[in-house]
Amino acid sequence: MVPAPVGIKCRDCARMPRSARVSLRPQKAARAVGAAFGVGSVFGVLLAFAGGAGLGFFTLIIAYFVGLLTGRATLRAAGYHRAEATAWIAAAGAGWAYVCSGIVIAASVGGDARAYVQVLGLLVAGFFAYREVS
C-alpha cells in the first residue's frame, strides 16, 4: 500500500507518470504561430480596405469576430492544446491584424503606420482571441 492524496493505492497505480505536465510542442507551436499570423494578415488586409467605409461602433463587433476566428484557427493549428502560451499566440495574431491594417493603410495613403492602428479594436480582438483559446 502507498498513501496518496486520494487515498491508498497499490504500488503499480501509485507510480508517478514521467510527465504529468503536458506542454506545447515546438512543431505545434510553430503551426499555431503561422496560423495566428496568417489569419491576422488576412484580416488586416480586409480591415484596411473596410476602414474607409466609416463603420463606427460596428468596428468593435468586427474586432470580436477577428479575435474569435483567430483564436479558433490558432487552437486548431496547435492540435487543440489549450495553454497560456497558445492563448498568447492567438492574442498576438489578433493584434497583428490591426497592426497589419495600419501598415496597409499607411502604405496606400502615406504617413506613419502608428497613426492608423485602431488601438481599441486591437485590444478587443486580442482579449477575445486569448479568451477563446484559454
Side-chain angles (χ1 to χ4, degrees):
M1 293 189 311
V2 177
V6 295
I8 297 173
K9 294 183 174 182
C10 68
R11 289 189 186 272
D12 292 334
C13 294
R15 275 193 219 144
M16 294 297 290
R18 286 188 190 184
S19 176
R21 184 176 171 186
V22 179
S23 61
L24 183 62
R25 295 182 184 201
Q27 291 174 337
K28 289 189 178 185
R31 286 187 7 206
V33 168
F37 284 92
V39 171
S41 296
V42 169
F43 275 123
V45 171
L46 292 175
L47 287 170
F49 289 115
L55 299 174
F57 182 74
F58 190 65
T59 58
L60 293 179
I61 297 170
I62 292 172
Y64 167 75
F65 285 109
V66 168
L68 182 77
L69 295 175
T70 304
R72 287 188 182 176
T74 304
L75 188 62
R76 184 178 177 137
Y80 296 98
H81 180 78
R82 292 184 183 271
E84 189 172 357
T86 313
W88 282 112
I89 291 170
W96 169 250
Y98 285 88
V99 172
C100 181
S101 173
I103 292 170
V104 170
I105 292 171
S108 64
V109 174
D112 190 14
R114 291 179 288 182
Y116 299 109
V117 175
Q118 293 180 352
V119 177
L120 186 60
L122 184 145
L123 294 174
V124 169
F127 170 77
F128 282 110
Y130 184 91
R131 192 171 145 235
E132 181 66 23
V133 175
S134 64

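Note that the structure is predicted; figures quoted are calculated from it, not measured.
The two atoms that bring Ile89 and Ala29 nearest to each other are CD1-O, 4.3 Å, heavy atoms only. Between Tyr64 and Val124, the closest heavy-atom pair is N-CG1, 4.2 Å. The shortest heavy-atom contact between Ala63 and Gly121 is CB-O, 3.6 Å. When all heavy atoms of Cys100 and Ser41 are compared, the pair lying nearest together is SG-O, 4.0 Å. Taking every heavy atom of both residues into account, Ala94 and Gly67 meet most closely at CB-CA, 4.2 Å. When every heavy atom of Ala83 is checked against every heavy atom of Val133, the shortest pair comes out as O-CG1, 4.4 Å.
Glu132 places none of its side-chain heavy atoms less than 4.5 Å from the side chain of Phe128.
Between the side chain of Thr86 and the backbone N or O of His81 there is at least one donor-acceptor pair closer than 3.5 Å. Using a distance-only test at 3.5 Å, with no hydrogens or angles considered, no donor-acceptor pair links the side chain of Arg131 to the main chain of Ala87. Although no hydrogens or angles enter the test, the distance criterion places no donor-acceptor pair under 3.5 Å between the side chain of Ser101 and the main chain of Ala97.
In the hydrophobic clustering of ILVMFWY residues, with side-chain heavy atoms under 4.5 Å counting as a link, Val119 and Phe43 come out together. Both Val33 and Val39 belong to a common hydrophobic cluster when Ile, Leu, Val, Met, Phe, Trp and Tyr are linked at side-chain heavy-atom distances under 4.5 angstrom. In the hydrophobic clustering of this structure, Leu122 groups with Ile103; members are Ile, Leu, Val, Met, Phe, Trp, Tyr whose side-chain heavy atoms approach within less than 4.5 Å, directly or through other members.
For the atom pair CG of Leu123 and CG of Leu60, the computed distance is 10.5 Å after rounding to the nearest 0.5 Å. The CG atom of Leu69 lies 10.5 Å from the OG1 atom of Thr74; values are rounded to the nearest 0.5 Å. Atoms CZ and OG1, from Phe65 and Thr70 in turn, are 12.5 Å apart once rounded to the nearest 0.5 Å. Taken to the nearest 0.5 Å, the CZ atom of Arg25 stands 11.5 Å off from the CZ atom of Arg31. In this structure, CE in Met1 is found 11.5 Å from SG in Cys10, a value given to the nearest 0.5 Å.
In the hydrophobic clustering, where aliphatic and aromatic side chains (Ile, Leu, Val, Met, Phe, Trp, Tyr) are joined below 4.5 Å either directly or transitively, Val6 stands alone.
Under the 30°/60° scheme for interplanar angles, the aromatic rings of Trp96 and Phe37 are found to be tilted.
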